[in-house]
Amino acid sequence: MASFFITTAIDYVNGMPHLGHAYEKVLADAIARWRRSRGDDVFFLTGVDEHGQKVQQSAQKQGVEPQAFCDEMSAHFRRLCERLGTSHDRFARTTEDSHKRVVAQFLQQLHDAGDIYFEEHEGFYSVRQEQFVTEKDMVDGRWPEIFGDVVKTKEPNYFFRMSKYQDWLRTYAEEHPHWIFPSFRRNEILGALEKPLGDLCISRPKSRLSWGIPLPFDPEYVTYVWFDALVNYVSFSKWGQRDCRWPADVHTIGKDILVPAHGIYWTIMLKALGIEQPRRFLVHGWWHLRGEKMSKTTGNVVDPLELIDRFGADAFRYYVLREMAVGQDADFSPENFAQRYRSDLGNDFGNLVNRAISMIRRYRGGNIPSAPIDPDIAAAIHETRDGVAAAMDDFETHRALERIARLTQRANQYVDERAPWRLAKDPALAADLDAVLATLADTVRVLGILAEPFIPHTAARIQQQLGMDKPDFRFAASVPDGRLAGQTVGEPQPLFPRIESPEDRRAP
RNA sequence: GCCAGGGUAGCUCAGUGGUAGAGCAGGGGACUCAUAAGCCCUUGGUCGGGAGUUCAACUCUCCCCCCUGGCACCA
C-alpha cells in the first residue's frame with residue numbers, strides 16, 4: 001500500500017475562518033479522499049497557528065489568557081473542518097507540547113551547528129504597532145500615522161543563516177521542475193533568488209513578545225513566526241516515531257505564502273536540519289468576490305458557514321472545487337453559487353439519481369434487475385473514470401468534476417433515448433427495460449464512487465438509497481459490472497432539493 | 001520597474017497552424033420516470049489592438065494597450 005501524506009497550511013487564529021481557509025481544506029481533503037479511494041494509506045494534516053504578537057494582543061484586549069483565547073479561536077477552525085466534512089487524521093495546534101519540543105530541538109540543533117547567530121540589529125521601531133518597520137514603509141519620506149512614533153532602536157536578536165544556502169536552493173529549484181505546482185510559480189522562487197538572500201531574524205525578546213516558544217539556548221527570547229509555524233508539518237507527522245509520515249507528498253498552500261515562507265524559508269530550514277524535502281507544493285490561487293479582492297477591512301468576505309447552513313457542505317465543496325481552476329484565481333458570486341447548485345447538482349446530478357431509483361421502484365418493485373449493462377454507457381463510464389484519475393493525479397478537481405458532469409449528462413440522455421416509461425407499457429420489451437434499469441443503477445453507483453472525494457456526504461446517501469448495506473468508495477469498484485443485481489433500492493430522497501430564494505418568489 | 005499569468009459568444013472558460021467550441025443564461029420543440037427537473041433543436045463571437053511570417057494564424061514573431069498576481073509579515 002502506497003503511503004500518502006498531504007497537509008494544508010495552518011491557519012492563524014487571530015481572525016475568523018473565511019472562504020479561503022475553507023477552500024484550502026476542501027482541496028486537500030478531496031485529494032486525500034481521492035488517494036484513499038485508490039487504496040493509498042493516507043495521512044492528512046491540518047491545523048492552526050496559535051502563537052505570536054497579534055494573538056497576544058487580541059487576548060489582552062479581551063482580558064483573557066492567550067491560551068484561553070487560542071482555545072476559543074481554534075474551536076472555530078475545528079468546527080469549520082467538521083462542517084466541511086474534512087477527513088483529516090490530525091488537527092495540529094502549535095501550542096501543543098509535542099510541537100514545542102520539536103521546535104526547540106530544531107532550534108538547538110541549528111544553533112549547535114552554527115546556523116543561528118546573535119547580533120545587534122539597528123532599526124526603526126513603531127511603538128504604537130509594537131513592531132519593527134523599514135524605510136519601505138515610509139510614504140513620501142514620512143512614517144504613516146498608523147505607526148505613531150517611530151524610534152531608532154538597537155535590539156540584539158538571533159538570526160538564521162539563510163544566505164549560506166542560497167546557491168544550494170537555486171540549484172535545487174532548477175533541478176526539480178515538478179517541485180511547485182503550477183510550474184510557473186517556481187519562477188517566482190527563482191526570481192526571488194536573483195537578489196542576495198538576507199538572514200532571517202527568528203527571535204523576539206520576551207519583554208516584547210511573551211506568547212511564543214522560548215529559545216532553548218536563551219530563555220529571554222521566543223522564536224518568531226515561521227520557525228514555529230512551519231515546523232508543524234514535521235512535528236505533527238509522528239516525528240521520532242517508527243511510523244513517522246514525513247516527508248509530505250503534498251503541501252497545499254495559498255500563493256501568498258509560497259515566496260518566501262515555504263519556497264525559501266521552509267526549504268532552507270529543512271536543508272539546514274538535514275531533513276528530507278516535501279515532494280511537492282500545491283499552490284492555489286485566491287478567491288475574489290464579485291470581481292473584487294476579498295479583504296477584511298472592506299468587509300468584502302464570504303462566510304463559508306453561512307453557505308453550508310443554507311446549501312449544505314457538499315454544495316459548498318462542489319462549488320469551490322468545480323469553479324476554481326487549481327492554481328488560478330477564481331471569482332465567487334452568490335448568484336453563480338446558486339446557479340451551480342440548482343443546475344449542476346439539483347437538476348442534473350441529484351435528479352438523475354432520483355429518477356433512476358424511482359423508476360426501479362415503479363417498474364420493478366424496487367429490485368435492481370440482473371441484465372447486461374448498455375455497452376455505450378459502460379464505455380462512457382470507463383472513459384470517465386480514466387478522465388477523473390488523470391485529472392486528480394494533476395490536482396485538477398475542476399476537470400475531474402467536469403468529467404463527472406459529462407457522465408451525468410450522458411446518463412440523462414440515455415434515459416430519454418430509451419424512454420423506460422414506454423418500454424414498461426409493452427410486456428414484450430421487459431428485457432429491454434431490465435437492461436436500462438440495470439444500466440442506470442450501475443451508473444448511479446459509479447457516479448457515487450467517483451464523486452465521493454468531492455461530495456462525500458452525498459456519495460454516502462447515494463449508496464444508501466441504492467440499498468447497499470455497506471459503503472464502498474473504492475475506485476476499483478467504479479466499473480460497470482452490474483454488481484447490484486438482485487438488490488432492493490431504498491427510498492429516493494432528493495439529494496439537492498430545490499431551494500427557494502427570495503428572488504424566485506417574485507416570479508409571476 | 002523586473003518577472004509571471006491572463007485578455008475567445010451576455011457570463012465562466014476550453015481550444016495551439018487548415019472553414020471558431022463547451023457549460024450556463026436567452027429562444028423554440030417533443031416527452032413525462034424525476035427535484036415544473038431532464039432531452040432535442042437554436043440565436044449569439046471582425047478570438048484585446050496593430051504589423052509581420054505563411055498558400056493558410058485564435059494558434060508563430062515583433063510592438064502596443066488593459067486586467068491579475070509575485071518581487072514586501074495576511075488561505
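Here is the naming used below: chain letters follow the sequence lines, and residue numbers restart at 1 for every chain.
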Trainee: Using a distance-only test with no angle check, is there a side-chain donor-acceptor pair under 3.5 angstrom linking A:R355 and A:N412?
Mentor: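 A:R355 vs A:N412: donor-acceptor pair found between side chains.
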
Trainee: Which sits closer to the 5' end of RNA chain B, A:N187 or A:V415, going by the nucleotide each is nearest to?
Mentor: A:N187

Trainee: Please report the distance, rounded to the nearest Å, between CZ in A:R410 and C1' in B:rC40.
Mentor: 13 Å

Trainee: Identify the residue among A:D374, A:I360, A:V415 that makes a side chain to side chain contact (heavy atoms under 4.5 Å, CB included) with A:L440.
Mentor: A:V415

Trainee: Tell me which nucleotide, if any, is Watson-Crick or G-U wobble paired with B:rU53 when both distances must be under 3.5 Å.
Mentor: none

Trainee: Specify the residues of residues 358-365 of chain A, ordered by number, for which at least one heavy atom lies under 4.0 angstrom from an atom of RNA chain B.
Mentor: A:S358, A:M359, A:R362, A:Y363

Trainee: Watson-Crick or G-U wobble partner for B:rC39, using a 3.5 Å limit on both distances?
Mentor: B:rG29

Trainee: If we count only N and O atoms by modelled type, under 3.5 Å, do the side chains of A:Y233 and A:H262 hold a donor and an acceptor together?
Mentor: yes

Trainee: How many Å lie between CZ on A:F77 and C1' on B:rC74, as a whole number?
Mentor: 12 Å

Trainee: Check whether the side chain of A:D416 and the base of B:rG38 form a donor-acceptor pair under 3.5 Å.
Mentor: yes

Trainee: Rounded to whole Å, how long is the line connecting atom CH2 of A:W287 with atom P of B:rU68?
Mentor: 18 Å

Trainee: Show your working on side-chain contact (heavy atoms from CB on, under 4.5 Å) between A:Y265 and A:I202 and close with a plain yes or no.
Mentor: CA-CA 11 Å; A:Y265 302 166; A:I202 57 143; over 6 Å; no

Trainee: Under 4.0 Å between a Lys/Arg side-chain N and an Asp/Glu carboxylate O for A:D394 and A:R399?
Mentor: no

Trainee: With both distances under 3.5 Å as the test, what is the Watson-Crick or G-U wobble partner of B:rA22?
Mentor: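 Base-paired to B:rU12.
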
Trainee: Considering every strand shown, what is the Watson-Crick or G-U wobble mate of B:rG1 when both distances are under 3.5 Å?
Mentor: B:rC71

